[in-house]
Amino acid sequence: MKICEICKKAILEDEVFKVDEHESVCFKCAEAEALKAKEEKREIQITRGEFAEAWNLCQWCDSLFLESELQGERDLGCLCGQCISAISFRGE
C-alpha cells in the first residue's frame, strides 16, 4: 500500500496515479487536480501504471478517463462514451 501525497489516505499499488510532481496520488485527488488545472487553464500530466498510461478529463462530465477511452469530437473536445451516447440520444 501507498499513501496519497495529497489527502494522505492509503491507496492500493495498482490504483496509484502520478500527477505532475506527485508520485503517489489516489483517483479522487488526481481528478480534483485535473479539474483545478482545467479551471486555471493550464496543462497537467496524469499517468498511471507500469506503462504510464495517460489520463484526461471528459470535456462534458469532467470525469477522469484513460485518454485512449476518450473520443475527440471536432467541436466538443474529448468526450467519454457515456457523454457521446447522451449527445447522440438528444439528436445532436
Side-chain angles (χ1 to χ4, degrees):
M1 286 199 126
K2 293 204 173 212
I3 303 294
C4 177
E5 294 177 20
I6 297 172
C7 70
K8 308 302 183 205
K9 292 183 180 175
I11 45 179
L12 299 174
E13 291 285 334
D14 61 340
E15 297 176 354
V16 175
F17 288 81
K18 180 178 182 205
V19 180
D20 285 341
E21 71 278 353
H22 299 290
E23 293 288 328
S24 298
V25 179
C26 68
F27 178 84
K28 187 175 180 180
C29 290
E31 193 170 59
E33 289 294 309
L35 286 169
K36 186 170 25 172
K38 181 180 177 182
E39 288 174 8
E40 296 170 357
K41 295 181 181 6
R42 63 181 170 84
E43 293 292 318
I44 189 171
Q45 185 176 24
I46 301 173
T47 58
R48 181 179 145 219
E50 179 181 342
F51 302 107
E53 302 163 311
W55 289 66
N56 207 342
L57 291 174
C58 170
Q59 296 298 308
W60 270 43
C61 68
D62 286 334
S63 294
L64 196 59
F65 290 92
L66 267 170
E67 278 188 2
S68 61
E69 292 179 2
L70 296 172
Q71 297 179 26
E73 295 295 324
R74 189 177 52 149
D75 296 328
L76 304 174
C78 293
L79 304 176
C80 68
Q82 186 172 354
C83 288
I84 290 171
S85 294
I87 292 167
S88 297
F89 182 74
R90 289 176 28 186
E92 295 178 28

Asks: Between atom NZ of K2 and atom CG of D14, what is the distance when rounded to the nearest 0.5 Å?
Replies: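 With rounding to 0.5 Å, NZ (K2) is 12.0 Å from CG (D14).
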Asks: Nearest 0.5 angstrom please: C29 SG to K9 NZ, how far?
Replies: 8.0 Å
Asks: How close do K18 and E23 get, counting heavy atoms only, and between which atoms?
Replies: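 Smallest interatomic distance, heavy atoms only, reads CE-OE2, 3.1 Å.
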Asks: Is F17 reachable from L66 through a run of I, L, V, M, F, W or Y residues, each pair having side-chain heavy atoms under 4.5 Å apart?
Replies: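 Yes; tracing contacts between hydrophobic side chains, which count when under 4.5 Å, links both residues.
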Asks: Flag the pair E39 and K36 as a salt bridge only when some basic side-chain nitrogen lies within less than 4.0 angstrom of an acidic carboxylate oxygen.
Replies: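 Result for this pair is no, no salt bridge flagged.
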Asks: Assigning hydrophobic clusters by single linkage (Ile, Leu, Val, Met, Phe, Trp, Tyr; side-chain heavy-atom cutoff under 4.5 Å), is L64 placed with V19?
Replies: yes
Asks: As an exercise, state the distance from CD of Q82 to SG of C58, rounded to the nearest 0.5 Å.
Replies: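 With rounding to 0.5 Å, CD (Q82) is 9.0 Å from SG (C58).
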Asks: Could you please spell out the steps behind the side chain to side chain contact (heavy atoms under 4.5 Å, CB included) verdict for I6 and H22?
Replies: CA-CA 8 Å; I6 297 172; H22 299 290; 4.2 Å; yes
Asks: Tell me whether W60 shares a hydrophobic cluster with L35, the cluster being built from Ile, Leu, Val, Met, Phe, Trp, Tyr side chains joined at under 4.5 Å.
Replies: no
Asks: Taking all heavy atoms of S24 and all of V16, pick out the closest pair and write down the distance.
Replies: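 Shortest heavy-atom separation between S24 and V16 comes out as CA-CG1, 3.6 Å.
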Asks: Counting only heavy atoms from other residues, nucleotides and ligands, does the tally under 6.0 Å from CD of Q45 exceed 12?
Replies: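 At most 12 heavy atoms, drawn from other residues, nucleotides or ligands, come within 6.0 Å of this atom.
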Asks: Distance from T47 atom OG1 to N56 atom CG, nearest 0.5 Å?
Replies: 12.0 Å
Asks: Side chain to side chain contact (heavy atoms under 4.5 Å, CB included) for L79 and Q71? Distances and angles first, verdict last.
Replies: CA-CA 5 Å; L79 304 176; Q71 297 179 26; 5.8 Å; no
Asks: Run the side chain to side chain contact (heavy atoms under 4.5 Å, CB included) check on C80 and L70 step by step: do they pass?
Replies: CA-CA 5 Å; C80 68; L70 296 172; 4.0 Å; yes
Asks: Tell me if a side-chain donor or acceptor on K8 pairs with a main-chain N or O of E5 at a distance below 3.5 Å.
Replies: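 Flag set: sc K8 to bb E5 pair under 3.5 Å.
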Asks: Report the distance from atom CD of E50 to atom CD of E13, rounding to the nearest 0.5 Å.
Replies: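 One gets 12.5 Å once the value is rounded to the nearest 0.5 Å.
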Asks: Do M1 and L12 make a side-chain contact, defined as non-hydrogen atoms from C-beta onward lying under 4.5 Å apart?
Replies: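 Side-chain contact under 4.5 Å: yes.
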Asks: Return yes when atom NZ of K28 has more than 12 non-hydrogen atoms of other residues, nucleotides or ligands closer than 6.0 Å, and no otherwise.
Replies: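 Not buried by this count: 12 neighbours or fewer within 6.0 Å.
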Asks: Find out if a path of hydrophobic residues (ILVMFWY) with successive side-chain heavy-atom gaps under 4.5 Å connects V25 to L57.
Replies: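 Cluster IDs for V25 and L57 match.
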Asks: Once you round to the nearest 0.5 Å, how far does CD1 of I44 lie from CD of E33?
Replies: 5.5 Å
Asks: State, to 0.1 Å, how close I46 and A30 come at their nearest heavy-atom pair, and which atoms those are.
Replies: CD1-O, 3.6 Å
